[in-house]
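From a predicted model like this one, the values you see are computed outputs, not experimental measurements.
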Amino acid sequence: MQPRPDDLAVQTIELTKVFRDFWRRPKVRALDKLSLEVRRGEVFGLLGPNGSGKSTAIKLLLGLLFPTSGAIRVLGRPPRDVAVKARIGFLPEETYLYPYLNATETLDFFGRLSGLSRVERRRRVGALIEMVGLGAARNRPLREYSKGMARRIGLAQALVNDPELLLLDEPTTGLDPIGAREVKDLILELKKRGKTILLCSHLLAHAEDVCDRVGILYGGRLCVVGAVADLLAKHQLTQITLPSPRPEDLERLRGVIEEFADPAEIEVGHPLDRLENYFLRIIREARETRPQTQGAAAGRFEPSLFRRVEAPAEVIERLTRPAPVEPTRPEPQAPAVEPEPEPKADVLQRLAAAPQAPEVSKASEGAAEAPQPAPQDAAAEAERRSVLDRLVQRPKPGPEGEKPS
């Protein structure tokens, strides 16, 4: 069944990258029509020999290179979208860090670049250092770190922003078997929390242990892609494992099996344990007698540092859930509209208007005329009119070069 676009964390459609020389002539075709799909919440391994295009593909997904042709979608957006970059963690093939900083200062620096608050940086930095096993070397400058220790702090900086998509380019390079096993365990823990991991590795056994699906590149082309169990299963053979029988019982079993298969194709022996498991068992026994070490110690996954990523179905269910009914609130009353002030010109005209004579009733018609205002009132009225005339009168322009007073 084909996945929906919302179920894909990474999608490339006929992605091609051609490096050109100074004269714009094609020099190297690093990727040739790569069509790849990485589903959300899975661990996908991109495998291939040196020069097959793995690192070029990761740089294109990060937006560090422009494709020659084709399309790329990362978390549903173009790879150069700044909002997408904030949701991605990246561990490059070579760990490039400031050698004069220690582990705490390095992670605090990357936390500030990710926009984390001071309280959140302090909480995450200390927990991440302990998780990658560098608690005893947190105050040493990075120039004194071994390659494996620098790889551990590089992995911590890729996790400082709690990414949804983690791009790991050769994550176990330079690590001892203990560190490589811890990285694999960390990848599996992140997968349980819904993270999507895309890793490139030359160590096929490591990819086999953690990857749900793998794709094999050669010459920039995707040769095969599928689930690890489906690709590695030998369907023409059947394996039966049982406790070691007695010699006489083993001969009886061989006689029964030879009735169904050619005796030359039957192999009887003891299954072999993996060298990695044997090595880790010896180191575990040595730690019980001498737990102190000056190098990297055993790390422990801290689940509180990483939020759980919801599946698309959970998001749709949460968005379509009916909202709770809130009690109705009385609508606020509109504020009273204050009367607009009268313009200054209208006020002056009203003040300058002549006072109206009081109305005379019809019953008083023919009566004696009203008495005339006193001389003092006439003088005050004349003075008031002269003041108002000067207030509303425009100043007359004076002689040339002279400003009005």
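- Residue Gly111 comes nearest to Arg121 through the heavy atom pair C-CD, 3.5 Å, listed as atom of the first residue, atom of the second, then distance.
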Test log, rule side chain to side chain contact (heavy atoms under 4.5 Å, CB included), inputs Leu36 and Ile13: CA-CA 7 Å; Leu36 183 66; Ile13 302 175; over 6 Å; no
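- One N or O on the side chain of Thr196 and one on the backbone of Gly41 form a donor-acceptor pair closer than 3.5 Å.
- Using a 4.0 Å cut-off between a side-chain N of Lys or Arg and a carboxylate O of Asp or Glu, Arg122 and Asp108 do not qualify as a salt bridge.
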Tyr145 vs Leu134, side chain to side chain contact (heavy atoms under 4.5 Å, CB included): CA-CA, chis, key distance, verdict: CA-CA 10 Å; Tyr145 279 15; Leu134 294 176; 4.1 Å; yes
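- Under a 3.5 Å cut-off, the side chain of Thr12 and the backbone N or O of Leu34 do form a donor-acceptor pair.
- Judged by distance alone, with hydrogens and angles left aside, the side-chain atoms of Glu130 form no donor-acceptor pair with the main-chain N or O of Ala127 at under 3.5 Å.
- With Lys54 contributing its side chain and Leu47 its backbone, the two residues share no donor-acceptor pair below 3.5 Å.
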Full working for side chain to side chain donor-acceptor pair (under 3.5 Å) between Asn139 and Thr104: CA-CA 7 Å; Asn139 295 323; Thr104 302; 4.7 Å; no
CA sep, side-chain torsions, deciding dist, call: Val228, Asp212, side chain to side chain contact (heavy atoms under 4.5 Å, CB included): CA-CA 6 Å; Val228 176; Asp212 300 313; over 6 Å; no
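- The residues Arg39 and Asp7 are annotated as not salt-bridged, no charged nitrogen and carboxylate oxygen being separated by less than 4.0 angstrom.
- Separating the CD1 atom in Ile72 from the CZ atom in Arg77 is a distance of 14.5 Å, to the nearest 0.5 Å.
- The pair Glu164-Lys195 does not meet the salt-bridge criterion, since no charged nitrogen lies less than 4.0 angstrom from a carboxylate oxygen.
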Working for side chain to side chain donor-acceptor pair (under 3.5 Å), residues Thr95 and Arg151: CA-CA 6 Å; Thr95 306; Arg151 203 64 180 159; 3.1 Å; yes
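- Between Leu128 atom CG and Arg138 atom CZ the span is 10.5 Å, to the nearest 0.5 Å.
- The nearest pair of heavy atoms linking Glu105 to Asn102 is N-OD1, 2.8 Å.
- A salt bridge does not link Asp81 to Lys85: none of the charged side-chain nitrogens sits closer than 4.0 Å to a carboxylate oxygen.
- Formation of a donor-acceptor pair under 3.5 Å by the Thr16 side chain with backbone atoms of Asp32 is not found in this model.
- With rounding to the nearest 0.5 Å, the separation of CG in Asp169 from OG in Ser55 is 4.0 Å.
- For the pair Glu120/Arg124, a side-chain contact is recorded, criterion being any heavy-atom separation below 4.5 Å from C-beta on.
- There is no side-chain donor-acceptor pair under 3.5 Å between His206 and Ser201.
- Side-chain contact between Ile88 and Leu167: present, with at least one pair of heavy atoms (C-beta onward) separated by less than 4.5 Å.
- Inter-residue side-chain proximity for Leu46 and Leu217 is flagged as met; some heavy-atom pair is nearer than 4.5 Å.
- Closest approach of Pro79 to Gly63, counting heavy atoms only: CB-N, 4.0 Å.
- Salt-bridge check for Asp21 with Lys27: failed, with every basic side-chain N at 4.0 Å or more from each acidic carboxylate O.
- In this structure, the side chains of Arg152 and Leu155 stay at 4.5 Å or more apart for every pair of heavy atoms.
- What you find for Leu60 and Phe66 is that their closest heavy atoms are CD2-C, 3.7 Å.
- At least one side-chain heavy atom of Val160 sits less than 4.5 Å from a side-chain heavy atom of Ser114.
- Pro78 and Val84 make their closest contact through O-CG2, 4.0 Å (heavy atoms, listed as atom of the first residue, atom of the second, distance).
- Side chains of Leu142 and Thr106 form a contact here, defined as non-hydrogen atoms less than 4.5 Å apart.
- Here the shortest heavy-atom pairing between Gly226 and Leu231 reads O-CD1, 3.8 Å.
- Considering CG of Leu31 and OG1 of Thr68, their distance stands at 9.0 Å, rounded to 0.5 Å.
- Atom CG of Asp185 and atom CD of Glu182 lie 7.5 Å apart (nearest 0.5 Å).
- Annotation: side chain of Phe44 is in contact with side chain of Val225 (closest heavy-atom distance under 4.5 Å).
- Rounded to the nearest 0.5 Å, atoms CG (Leu253) and CZ (Arg246) are 11.0 Å apart.
- Phe19 carries Lys17 over the face of its six-membered ring, with the cationic atom under 6.0 Å from the centre and within 45° of the normal.
- Between the side chain of Arg73 and the backbone N or O of Gly76, at least one donor-acceptor pair lies under 3.5 Å.
- Looking at Leu91, Leu188, Val132, Leu175 one by one, the single match for side-chain contact (heavy atoms from CB on, under 4.5 Å) with Val183 turns out to be Leu175.
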Step-by-step side chain to side chain contact (heavy atoms under 4.5 Å, CB included) determination, Val43 to Ile187: CA-CA 8 Å; Val43 182; Ile187 290 174; 4.0 Å; yes
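- Other residues, nucleotides and ligands place more than 12 heavy atoms under 6.0 Å from the CZ atom of Arg213.
- Residues Ile153 and Leu107 meet the side-chain proximity criterion, which asks for heavy atoms closer than 4.5 Å.
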